[in-house]
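Since the structure comes first, as structure tokens, the remarks are kept for the end.
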Amino acid sequence: MLSQKFRLKKNSSFTATYRVKNSFYLNGVAVFVGLKKKNPNDTTKVGFVVSKKTHKRAVKRNRLKRLMRESYRILLKNKELGNAEKYMSLIFVGHEKALCHKYKEISVIIKSLLEKIND
RNA sequence: CAGAGUAAUCGGAUAAUCGCGCAGAAAUGUGAGGAAAGUCCGUGCAUUCAAGGACAGGUUGCCGGAGAAACUCCGGACGGCGUGAGCCGGUGGAUAGUGCCACAGAAAUGAAUACGUUAACCUACGGUUUAGCGUUUACUGCCGAUGGAUUUCAUAUCACAGGCGAUGGUGCAACGGUGAGUUAAGAGCAUCACCAGCAAUAACGAGAGUUAUUGGCUAGGUAAACCCCAAUCGAAUGCAAGAUUAAAUUGAAGGCUAUAAAGGCUGUCCGCCAACUUCAGACAAAUCGCUAGAGUUUGCGAGAAAUCGCAAUCCCAGACAGAUGAUUAUCUAAAACAGAACACGGCUUACGGGUUACUCUGCUUU
RNA sequence: GCGGGUGUCGUCAAGUGGUUAAGACCUCGGAUUGUGGUUCCGAUAUACAUGGGUUCGAAUCCCAUCAUCCGCC
């Protein structure tokens, strides 16, 4: 789990991010990107979503969320986020195809997704 | 040794690095389950309505006990299954009443508008229908099977007499079953024996019930069809309940009245979308409820058990975009089902690989 | 978290305990036509979500499970 200041919390923030309609998809994981930062000192906030429709069992949904979160945390720690730092918010959405992936595959997917983000 | 049955139990471990929730000033401590699941029952708790009575309606349904209660648990009775240890059971009433029982069959519940006689009607007769009268008698539906006559015989036909419900046929089911005797042949035979069922009496038991004797006598199934009987139940909504403090509101947003005309979907209306218009661009509440409880562990006592009592001991998740993860190594091995969201008691379902105790059956050996 | 509904041929669907179950669309064949469509005729095979129970007999009655859909911020 990330610490509090990196988390995306409010419902309005989620809706605002979805509204921009700037998204990328790769192997069962989608990223929604919000607007660019006004103040460069603000942190980039992240949300992770796996809906109940992707799988019925809570254990498998939690597993995917944790794997995505862990791989993002490692990238944050090593400061390999790239262009994503310029934006206010990110939302990762897991789909049915990603449920069977292992940790290493997920981390590769998320890294390449972040590289796709433009200036 | 093999195969079964019952009960109980474990629910990955250790180390290293990085990381998260809660508590705390810090050090540090602590952090998912046996089913947390399904939501099938039952409670607490909260709000609103009603608070009296009756009816309606719902729920439950062998007996006794336990329990806050329960489609709950324990023990027993009865019935069924299994060679057995054991397992399973929604198990009141069909003699309160109503309904239903397809097809087949003479007949499906009055198994029969009883039986006999007389009169009327029709007829050669048997017979059939209607009405009246009498008798209270053990009962016994339909077809065939028996004897006699006619005919050369068989088949067939005819009438009379008596017998019959055993056997055969239908069906899930035919007023209980089997055997003996009786009889021309039978039978439910005013007969005998045994079994089943009913009633009464007696004994045993707390009760469900069991056993014995006697008696006459035979009652189709279905209540998981309506229903009857007995017991029992305030109703609704669920922590997203609700309370307090602070504040002023909405955010994949809102508005679009009437008359005539006017964009797209359509033949029209409605509706939706677009257009137009009004704003807003990541500031957009917090605390309590919330976990000290029908609690955990251990010991002693009561009881056949469920369970209860007493004493000591422990405090053991509490999030709110929502905490348990990742990597590496070792343990035979990338180990099942699966993730708390107010709490608790049950039930049901899912589950890899084991462990322990007792019991049964078969085989072998002594 | 709490509550409610639905499962029947490939699709849509009827069926209030009594023949392994009506119909429409689809598919296939034939007729009509110069050809195709329309129309007409005929045929195929296939279905009661799963597992138990009650009953002589369940798509139907009862119980459990599974799948799926919806509502309440």
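Each chain gets a letter, A, B and so on, in the order its sequence line appears, and its residues count up from 1.
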How many Å lie between [atom1] on [X] and [atom2] on [N], as a whole number?
X	N	atom1	atom2	answer
A:Ile106	B:U327	CD1	C1'	16 Å
A:Phe92	B:A321	CZ	P	19 Å
A:Ile91	B:A282	CD1	C1'	11 Å

| Nearest-0.5 Å distance that lies between atom CG in A:Leu67 and atom NZ in A:Lys104 |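 Reported to 0.5 Å precision, the distance equals 13.0 Å.
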
| Toward the 5' end of RNA chain B, by each residue's nearest nucleotide, A:Ile74 or A:Val49 |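 The residue closer to the strand's 5' end, by nearest nucleotide, is A:Ile74.
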
| said: Quick check on RNA chain B: between A:Lys102 and A:Lys65, whose nearest nucleotide comes earlier from the 5' end? | reply: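 Mapping each residue to its closest nucleotide by heavy atoms, the 5'-most match is A:Lys65.
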
| Distance-minimising heavy-atom pair for A:Ser71 and A:Ile110 |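 Nearest heavy atoms, A:Ser71 then A:Ile110: OG-CD1, 3.4 Å.
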
| Taking all non-hydrogen atoms of both residues, which atom of A:Val50 and which atom of A:Lys65 are closest, and how far apart? |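 That would be CG2-CG, 3.5 Å.
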
Return the nucleotide paired to [N]: Watson-Crick means purine N1 to pyrimidine N3 with N6-O4 or O6-N4, wobble means G-U with N1-O2 and O6-N3, both under 3.5 Å.
N	value
B:U28	B:A23
B:U137	none
B:G82	none
B:G255	B:C276
C:U19	none
B:C204	B:G209
B:U152	none
B:G216	none

| task | State whether the side chain of A:Tyr103 and the backbone N or O of A:Ile106 hold a donor-acceptor pair below 3.5 Å, judged by distance alone. | result |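 No.
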
Quote, to the nearest angstrom, the [atom1] distance that separates [N] from [M].
N	M	atom1	result
B:G89	B:A7	P	13 Å
C:G51	C:C9	P	16 Å
B:G99	B:U109	C1'	14 Å
B:G57	B:C227	C1'	15 Å
B:A36	B:U332	P	33 Å

Heavy atoms from C-beta onward define the side chain here; which of [options] lies closest to that of [X]?
X	options	result
A:Ala58	B:U328, B:A282, B:G339	B:G339
A:Asn62	B:A282, B:G339, B:U328	B:G339
A:Glu70	B:A340, B:A334, B:G325	B:G325
A:Lys77	B:C18, B:G339, B:G322	B:C18

| query | OP1, OP2 of B:U324 versus side-chain N and O of A:Arg66: anything below 4.0 Å? | reply |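 Checking A:Arg66 against B:U324: at least one side-chain N or O falls below 4.0 Å of OP1 or OP2.
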
| task | Examine the base of B:G339 for any acceptor or donor lying under 3.5 Å from a partner atom in the side chain of A:Arg61, and report the outcome as yes or no. | result |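 Answer no: no donor N or O sits under 3.5 Å from an acceptor.
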
| query | Do A:Leu26 and A:Tyr87 belong together in a cluster built from hydrophobic side chains that touch within less than 4.5 Å? | reply |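 Looking at the clustering, A:Tyr87 is in the same group as A:Leu26.
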
| Pair A:Glu105-A:Lys102, salt bridge (charged side-chain N to carboxylate O under 4.0 Å, His left out): steps then yes or no | CA-CA 6 Å; A:Glu105 298 170 13; A:Lys102 294 170 195 169; 5.3 Å; no

| Syn versus anti for B:A138, judged by chi lying within 90° of 0? |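 Base orientation: anti.
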
